[in-house]
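Here's the structure, in structure tokens; my notes come after.
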Amino acid sequence: MRALLFFTLITPLFLAHASDLQLEPHTFRAKDGRTVEAELGSFRVPARHAQPEGPALTLRFVRFKSTNPKPGVPIVYLAGGPGGSGIEAAKGVRYELFLALREVADVIALDQRGTGLSNPHSKLSYSWSLPLDQPLDEAVLSAKVKDAVTEAAREWAAAGVDLGSYTTVESAEDLESLREALGVPRLNLWGISYGTHLGLAYLRRHADRVDHAILAGVEGPDDTWKRPAQAEALLDRWDVLLRARDKTGPGLRARVRALLDGLERQPRKVEFTEPKTGAKQTWIVTRFDLQRATFESLRDPATFERFLGMLSALEAGRFDVMTPYAGLLRGDSLEPMSVAMDAASGVSPARRARIAREASTALLGGAVNAGVPEAAWLPGVVDLGQDFRGPLKAQAPVLLISGTLDGRTAPDNAEALRPGLSRAVHLVLEGAGHDGLFQSDPRILERMKAFLRGEKVSDERLQVKR
């Protein structure tokens, strides 16, 4: 069945790309008030590329024109998430990066389908929550998320959302439509986190259309579900760093384990006032709550340092310091694109089994994949299968960028792709987390520009400031 589905998706794609490119002058304003003259572009694509005569979507982007008199291949920024807006990313801390890369070529901040200015259902979301005053474990959370996702899917379908059109394969074909609309033979890809997942899908399907690709914080084709062993390795890395600061004491892992064991024996009751509403709240903090809080904090050095600052208070029995995590750990807001994209990308049977084995002995258990949606829960969403998640081979030049303290996309993800990427190089940033993969050191931008200009860039490890 999957093979048949894959065939029906692939065969018409090369005929399905739309254009209708429209460009207009646009004064782009960053969040800090700075402005630059750019172009606001739009183009139309089929909602499902295998059905070119069916419903269509309008996708939008901002193009920053190159300052180079002989610009190279356009650079397309692929935001993370899934659900991040490329245009919003350009307004924030990466504003200067977008402008700097104009030295090489035009830089395009794309809003992928279902995001930002390319979202036809921007008002739709579905919020869920679990009672704070009841104990929580992985099974309770998984059941709640399944119910919430299923109910959300019903509401979204009734509002006219085609959830099955939100897949990374469809978004990859949107990139091909963009290339055709721009009238260029190739694209440079610049992606981070989920954006690398999308970039790799485009590379698999249209390798001859990729000039260069910069993939930072790599989420490989089968990396949507995270491995508990990678979180364990990162805890070990932090343990070593902290012992270098202070050789006394039991060490990070032992401290966290002791807290988890204590909560296993006796969850803690925390009374607090909700800051926004002033309502009195009672929170029963469980082992699973702390496992999830620990994992969420591992995202980046800055967030984990804040977690480390709480440890002494937790060890003294002051679990009230965790109250800022309460809403995050016991609820969420779902949006159609991000839920459907992750569900369709899914997980291979082999990886699912490996994750289960690792979670059974990991300090953080199954917290690393808490609440991940599955395609079977969403009517109309089909798992993309092994053809999407299998080994990837491509000869285009690829610059992989990883941070050794990245708790979302470990350097191992990038290394696993190396056998199939014959012209890949890996820039490893010692001390960088998920949010510091572009701007934690000025040398990173220099390597990126050199790579996009076609200059020789080699495997390298850079020590960056934390």
Side-chain angles (χ1 to χ4, degrees), residues 21 23 26 28 30 36-43 59-80 84-112 115-116 118 171-172 174-203 206-218 394 396-401 423-425 427 437-439 442 444-455 457:
L21 178 66
L23 292 165
H26 178 65
F28 185 83
V36 64
E37 294 307 308
E39 292 175 320
L40 181 63
S42 66
F43 61 109
L59 305 188
R60 294 178 175 84
F61 61 89
V62 169
R63 179 163 68 176
F64 302 95
K65 295 294 288 182
S66 178
T67 57
N68 191 324
K70 295 182 179 180
V73 173
I75 303 163
V76 181
Y77 177 78
L78 307 176
S85 159
I87 294 174
E88 288 300 309
K91 292 180 180 180
V93 296
R94 296 192 180 122
Y95 175 77
E96 292 182 354
L97 277 177
F98 279 82
L99 299 193
L101 289 176
R102 294 181 304 164
E103 297 174 21
V104 179
D106 293 350
V107 184
I108 293 172
L110 172 67
D111 274 357
Q112 301 160 33
T115 73
S118 300
S171 286
D174 291 344
L175 288 176
E176 180 62 1
S177 293
L178 173 62
R179 183 196 64 77
E180 291 183 343
L182 293 172
V184 295
R186 291 181 303 281
L187 297 173
N188 280 317
L189 305 180
W190 169 30
I192 185 167
S193 196
Y194 168 77
T196 70
H197 191 67
L198 171 55
L200 289 166
Y202 184 76
L203 192 61
H206 301 286
D208 60 332
R209 302 302 189 184
V210 177
D211 196 71
H212 291 73
I214 298 175
L215 306 177
V218 174
V398 179
L399 173 60
L400 305 166
I401 304 177
R423 299 174 66 188
V425 294
L427 177 60
L437 297 174
F438 293 134
Q439 290 162 287
I444 302 168
L445 175 59
E446 294 308 311
R447 303 302 189 273
M448 290 167 58
K449 289 192 291 189
F451 174 76
L452 291 170
R453 287 193 294 258
E455 299 171 15
V457 176

Residues G191 and T196: closest non-hydrogen pair is O-CG2, 3.5 Å

Report the distance from atom CG of L399 to atom CG of L189, rounding to the nearest 0.5 Å.
12.5 Å

Which atom pair, heavy atoms only, marks the closest approach of A207 to A396?
O-CB, 4.4 Å

To the closest 0.5 Å, what do you measure between CG (L101) and CG (D106)?
11.5 Å

Within a radius of less than 6.0 Å around CD of E96, do more than 12 heavy atoms belonging to other residues, nucleotides or ligands occur?
no

Does Q112 reach the main-chain N or O of L78 with its side chain, forming a donor-acceptor pair under 3.5 Å?
no

Report yes if some heavy atom in the side chain of L187 is under 4.5 Å from a heavy atom in the side chain of D211; otherwise report no.
no

Counting distance only, does the side-chain N/O of R179 pair as donor-acceptor with the main-chain N or O of V184 below 3.5 Å?
yes

Atom of G86, atom of A79 and distance for their closest heavy-atom approach
N-CB, 3.8 Å

What's the spacing between L59 CG and L110 CG if we round to 0.5 Å?
6.5 Å

Counting the benzene-type ring for Trp, do F438 and W190 have ring centres under 6.0 Å apart?
yes

Could you give me the CA-CA distance, side-chain angles and deciding distance for N188 and F451, then say whether side-chain contact (heavy atoms from CB on, under 4.5 Å) is met?
CA-CA 11 Å; N188 280 317; F451 174 76; over 6 Å; no

Closest non-hydrogen atom pair between A172 and L198, with its separation
N-CD1, 3.5 Å

Ion pair D111/R60, N-O distance below 4.0 Å
no

Mind checking whether R63 and V107 have side chains closer than 4.5 Å, heavy atoms only?
no

Verdict with reasoning, L40 to L23, per side-chain contact (heavy atoms from CB on, under 4.5 Å):
CA-CA 6 Å; L40 181 63; L23 292 165; over 6 Å; no

Quick one, V210 and R186 - any side-chain contact, counting heavy atoms below 4.5 Å?
no

How many angstroms lie between CG in L437 and CG in L215, if you round to the nearest 0.5 Å?
11.5 Å

Under 3.5 Å, side chain of E103 to main-chain N/O of K449, donor-acceptor pair present?
no

In terms of the angle between their ring planes, are Y202 and H206 parallel, tilted or perpendicular, with boundaries placed at 30° and 60°?
tilted

Can you check side-chain contact (heavy atoms from CB on, under 4.5 Å) on H26 and V62, steps first, answer last?
CA-CA 8 Å; H26 178 65; V62 169; 4.2 Å; yes

Heavy-atom side-chain proximity of I87 to F28 below 4.5 angstrom:
yes

Can you find a pair of side-chain heavy atoms, one from Y77 and one from I192, that are under 4.5 Å apart?
yes

Using a 3.5 Å distance criterion without hydrogens, assess whether the side chain of R102 forms a donor-acceptor pair with backbone atoms of L99.
yes

Rounding to 0.5 Å, atoms CZ (F43) and CD (E180) come to a distance of 10.5 Å

Could you check whether any side-chain N or O of S66 sits under 3.5 Å from a backbone N or O of N68, counting only pairs where one atom can act as donor and the other as acceptor?
yes

Please round to the nearest 0.5 Å and tell me the distance separating atom CG of L427 and atom CD1 of I214.
10.0 Å

To check you understand the geometry: which heavy-atom pair defines the closest contact between A90 and F98, and what is its length?
CA-CE1, 3.6 Å

